[in-house]
Number of protein chains: 2
Amino acid sequence: MPSSLPTYLALSDLIAGEFADCSPGTTLPGEHDLARRFGVNRLTARAAVDELERRWLIRRVRGSGAYTVRRIEYRIGAAYPVSFTEAMARLGVETTTTAEPPERRAAGTADSHVLGVPLGAPVLVLRRTRHVQGVPAVVGQSLLAGDLLPGLEDALAAGTSLHAVMKDTYGIEPALGWSQVRMMPPPPEEARRLALRGRPPLVRMGARIVDRNSGRYVEVVDQWLRPDYFDVIVEVQ
Amino acid sequence: MPSSLPTYLALSDLIAGEFADCSPGTTLPGEHDLARRFGVNRLTARAAVDELERRWLIRRVRGSGAYTVRRIEYRIGAAYPVSFTEAMARLGVETTTTAEPPERRAAGTADSHVLGVPLGAPVLVLRRTRHVQGVPAVVGQSLLAGDLLPGLEDALAAGTSLHAVMKDTYGIEPALGWSQVRMMPPPPEEARRLALRGRPPLVRMGARIVDRNSGRYVEVVDQWLRPDYFDVIVEVQ
DNA sequence: CAGTGGTCTAGACCACGCG
DNA sequence: GCGTGGTCTAGACCACTGG
């Protein structure tokens, strides 16, 4: 015989079943409410809801409530679009991006190595935050080959996709050169930008983007995605 | 000014710093102990340790204690070994595998489709659990082309690697044909086999293994890995 | 057996959102 | 201002591990 489930897990299964077929955005009963209804302590009810949050079935908003959600399938692989914005657009998901002004610098040894440019060549660093439904869901930075993107600061108008600008303004054809995905807790800075409590593991994606025309690396990406927002699916071959 | 950290998160950072450089297996002070030492309630101390567990920095054993751990880097991609056993051996990690007796059946439509065999062809289903340091860390099943592996039941002696048997007994050269990795909560059955509390998200890996000689699919894998044990790194191209 | 982590209770105060 | 989730306290009992 399996030992019987603890109250909070039994309760979480109960609630999960209740809301399994609800459309995303459905509000769960409050924790105080659940506790009263099932005759348990609030902490027990809360533990049940914790479990649902851990499974990425719901999301909690302080002062507001808990809501059912659906993770967005984000596919990465040779067969899929390189541009995040394009991938989201294909899924009908609206995202907004806020970028800090690009930082210019001369390539150090690390920059030079990953980007394949000479030491001291101009490189740009672009820090971005991507929002889904107004909530920050991705943060990251791009290291860019400065000589391929002269005057990028001006070309990058608000709200435009970097890859769109690459194509339209610079005639660059970005393609996925190499990519790596893993899960790990983010540094405090990234956790802060995503308004996380603590530093729960995130999806970390590194990528090198090639310009099909010149054959050179244009962009080296290092970004962090919230796994409760994105079901990142990586395909090899 | 950033709002000051809650007690439990400040405490978790403190403890994390304390044990950052310790070798894996170091025992943390008990929760009751931590609570006494820092003058907080046990639940607050516990919340701090929860955060460390969430970051995969420690592992807790009921009745025993909490221990620092190091995740095992498991790399998946065209450049890496197909065999899990081989990948672990290269890292010097000892794993043991327990397999249930293979189940024989005639290929249904789904089997036939993924394995590329005719309807009704013989297929084998092999359920395995892999242990790291005595703890179940991976569960999964393989769907195998029966005609390529006649008498597999006998050839699979205890503790031998499936891929080793493929090579040595059947002259098959297994290679990665296609692979997909994502994170999601497991079905209850898989959670039970891994002795998890609740159903926290796991790494799900699907793969099709090709025989280089015949060019045919030999094996279709569907397995679940504990992300606190494995730092699964997927590389594309 | 003593000590560990796992669960649960009954309170309380707070920050925040939304109307 | 009310209800939400987030944090914290002071207790308690339990299942389990390990000496």
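Per chain, numbering begins at 1; letters A, B, ... match sequence-line order.
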May I ask you to check whether B:Tyr229 and B:Tyr74 place their ring centers less than 6.0 Å from one another? no
Heavy-atom closest pair, residues B:Leu34 and B:Ala45: CB-CB, 4.1 Å
Can you see which heavy atom on A:Ser142 is nearest to which on A:Val221, and at what distance? OG-CG2, 3.9 Å
Taking [atom1] from [X] and [atom2] from [N], how many angstroms apart are they, rounded to a whole number?
X	N	atom1	atom2	answer
B:Leu28	C:dG3	CG	P	18 Å
A:Arg59	D:dG5	CZ	P	15 Å
B:Asp33	C:dT4	CG	C1'	11 Å

Any carboxylate oxygen within less than 4.0 angstrom of a Lys/Arg side-chain nitrogen, looking at B:Arg60 and B:Glu31? yes
Give a yes or no on whether a salt bridge exists between A:Glu153 and A:Arg104, defined as a side-chain N under 4.0 angstrom from a carboxylate O. yes
Let me have a per-nucleotide readout for nucleotides 6-12 of chain C, 5' to 3', with B, S or -, counting only protein heavy atoms under 4.0 Å. BBBBB-B
